[in-house]
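Residue numbers start from 1 in every chain, and the chains themselves are labelled A, B, ... in the order their sequence lines are given, proteins ahead of strands.
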2 protein chains.
Amino acid sequence: MDIEKCDVTVIHEETIEKVKKDMLGNEELTEMAELFKVLGDPTRLRIVSALLLSEMCVCDLSALLDVSQSAISHQLRILKQTRLVKYRREGKVVYYSLDDEHIETLFLTSYAHISERG
Amino acid sequence: MDIEKCDVTVIHEETIEKVKKDMLGNEELTEMAELFKVLGDPTRLRIVSALLLSEMCVCDLSALLDVSQSAISHQLRILKQTRLVKYRREGKVVYYSLDDEHIETLFLTSYAHISERG
DNA sequence: TAAACACATGAACATATATTCATATGTTAG
DNA sequence: CTAACATATGAATATATGTTCATGTGTTTA
C-alpha cells in the first residue's frame with residue numbers, strides 16, 4: 001500500500017496511473033463539456049426540443065416558447081456556433097433546424113434518465 | 001398564410017400548434033437541462049470520465065485531476081444530488097462510482113459529436 | 001481520549017452567462 | 001428610394017455558479 005498524507009500524495013497510486021493513461025485528454029473533455037453546457041440551458045434545450053419536431057423561424061420560436069425575439073436570436077447564435085443548428089434564409093425569414101445526428105440521441109438518453117425515477 | 005407582426009402574433013401558426021402539442025413539457029425539459037448542465041462543467045465531466053474507468057476516492061480524484069479536495073467534494077455533492085454517482089464508505093475513505101447506465105451513452109455520444117469535425 | 005486523517009460544508013469572492021434594451025443589418029413591398 | 005418587417009448584435013445588468021478558505025463531521029489509531 002501507499003498511504004501518505006492526502007495533500008502530499010495519494011492513496012491508490014496504481015489506480016490513478018491506470019486511469020490517467022486510459023482517460024480522455026483535457027482538450028476533448030473541455031470540448032465535450034462545452035457541448036453539454038450548451039444543452040444545459042432551459043431555453044436552448046426548449047429550442048432544440050422544438051426543432052426536433054420541425055424547422056422553425058425565429059419569430060415562431062419566440063411565440064412558441066414565449067421568449068423575446070432577441071433572447072431567441074442570442075441563443076440560436078450559441079447553438080449555431082456549436083453547430084447544433086443550421087439555417088436557411090427565405091426572404092426575410094430565417095429557418096432553423098437541427099444540424100447533428102447525435103442531438104436526438106443525447107436528447108432521448110437524457111429523457112430516459114430523468115424518466116427513470118421520481 | 002397567416003402573416004402578421006411578429007411582436008403580436010406568428011408566421012406559421014399551424015407549425016406552432018403542432019409542435020406545442022408534441023413537444024415535451026417545460027418541467028421535463030428543465031430537468032433534462034439540469035442534467036446537461038451538471039455534465040457541462042469541465043471538472044465534473046473529468047470526474048465522470050475518471051469514474052467511467054474505475055471507482056475512486058476523493059483523495060485520488062483530487063490528485064488525478066489536480067483539483068483541490070474541497071472543490072472535488074463540492075462537485076461530487078452536485079453529482080450525487082443528480083444521482084449520477086453513488087458512494088460507499090470504507091473506514092475513513094469514501095469511494096465514488098457512477099450510478100447510472102445512461103451516463104456512458106451520453107458520454108460516448110458527446111465524444112462522437114466532437115470527434116466528427118475539427 | 002486525543003491526535004490524525006479523509007471528507008463535507010458554509011461563506012465569500014470572482015467569473016460566467018442569460019436576458020433586456022437599444023439599435024444595426026438585410027430583405028421585401030409600395 | 002423609403003417604409004416595414006424579420007433577424008442580429010453590442011452593451012449593460014442581474015443572477016448563477018465554481019473555487020478558495022476556514023472549519024466542521026466522522027472514523028481510525030496510538
Rounded to the nearest angstrom, tell me the gap between atom CZ in B/R89 and atom C1' in C/dC7.
-> 7 Å
Winner on side-chain proximity to A/T43, out of C/dC7, D/dT9, C/dT19, is C/dT19
Taking OP1 and OP2 of D/dA8, is either one under 4.0 Å from a side-chain nitrogen or oxygen of A/Y96?
-> yes
Between D/dT27, D/dT7, D/dT20, spot the one nearest the side chain of B/H74, thanks.
-> D/dT20
Toward the 5' end of DNA chain C, by each residue's nearest nucleotide, A/E90 or A/E34 = A/E34
Go through C/dA6, D/dT9, C/dG10 for me and flag the one nearest to the B/S70 side chain.
-> C/dG10
Under 3.5 Å, side chain of A/R46 to main-chain N/O of A/V48, donor-acceptor pair present?
-> no
Kindly point out which of D/dT19, D/dA8, C/dC7 is positioned nearest to the side chain of B/Q75?
-> D/dT19
Shortest non-hydrogen pair, A/V67 vs A/A71, comes out as CG1-CB, 3.5 Å
Centroid separation B/Y95 to A/H12 less than 6.0 Å = yes
For D/dA16, does either OP1 or OP2 sit under 4.0 Å from a side-chain N or O belonging to B/K37?
-> no
When we call it a touch if two heavy atoms are under 4.0 Å apart, what does B/L61 touch: a base, just sugar-phosphate, or nothing?
-> nothing
Send over the distance from A/I47 CD1 to C/dT19 C1', rounded to a whole Å.
-> 13 Å
Within this structure, what is the CD1-to-P distance between B/I72 and C/dC7, rounded to whole angstrom?
-> 11 Å
A/R44 vs C/dA18: side-chain N/O to OP1/OP2 distance below 4.0 Å = yes
Starting at CD1 of B/I78 and ending at C1' of D/dG18, how long is that distance when rounded to a whole Å?
-> 8 Å
Roughly how many Å is it from OH in B/Y95 to P in C/dA8, rounded to a whole number?
-> 13 Å
Is the phosphate of D/dT9, meaning OP1 or OP2, less than 4.0 Å from a side-chain N or O of A/R77?
-> yes
Do B/K80 and B/Y87 meet the cation-pi criteria used here (NZ or CZ under 6.0 Å from the six-membered ring centre, within 45° of the axis)?
-> yes
What distance separates B/R44 CZ from A/F36 CZ, expressed to the nearest 0.5 Å?
-> 12.0 Å
Nucleotide nearest B/K92 when distance is taken to its side chain, options D/dT19, C/dC7, C/dC5 | C/dC5
Value in whole Å for how far the C1' atom of C/dC7 lies from CG of B/L76 | 10 Å
Between atom CD in B/Q69 and atom C1' in D/dG18, what is the gap in whole Å?
-> 15 Å
D/dT20 OP1/OP2 closer than 4.0 Å to side-chain N/O of B/S68 = yes
Please report, rounded to the nearest Å, how far the P atom of D/dT9 is from the CD atom of A/Q81.
-> 9 Å
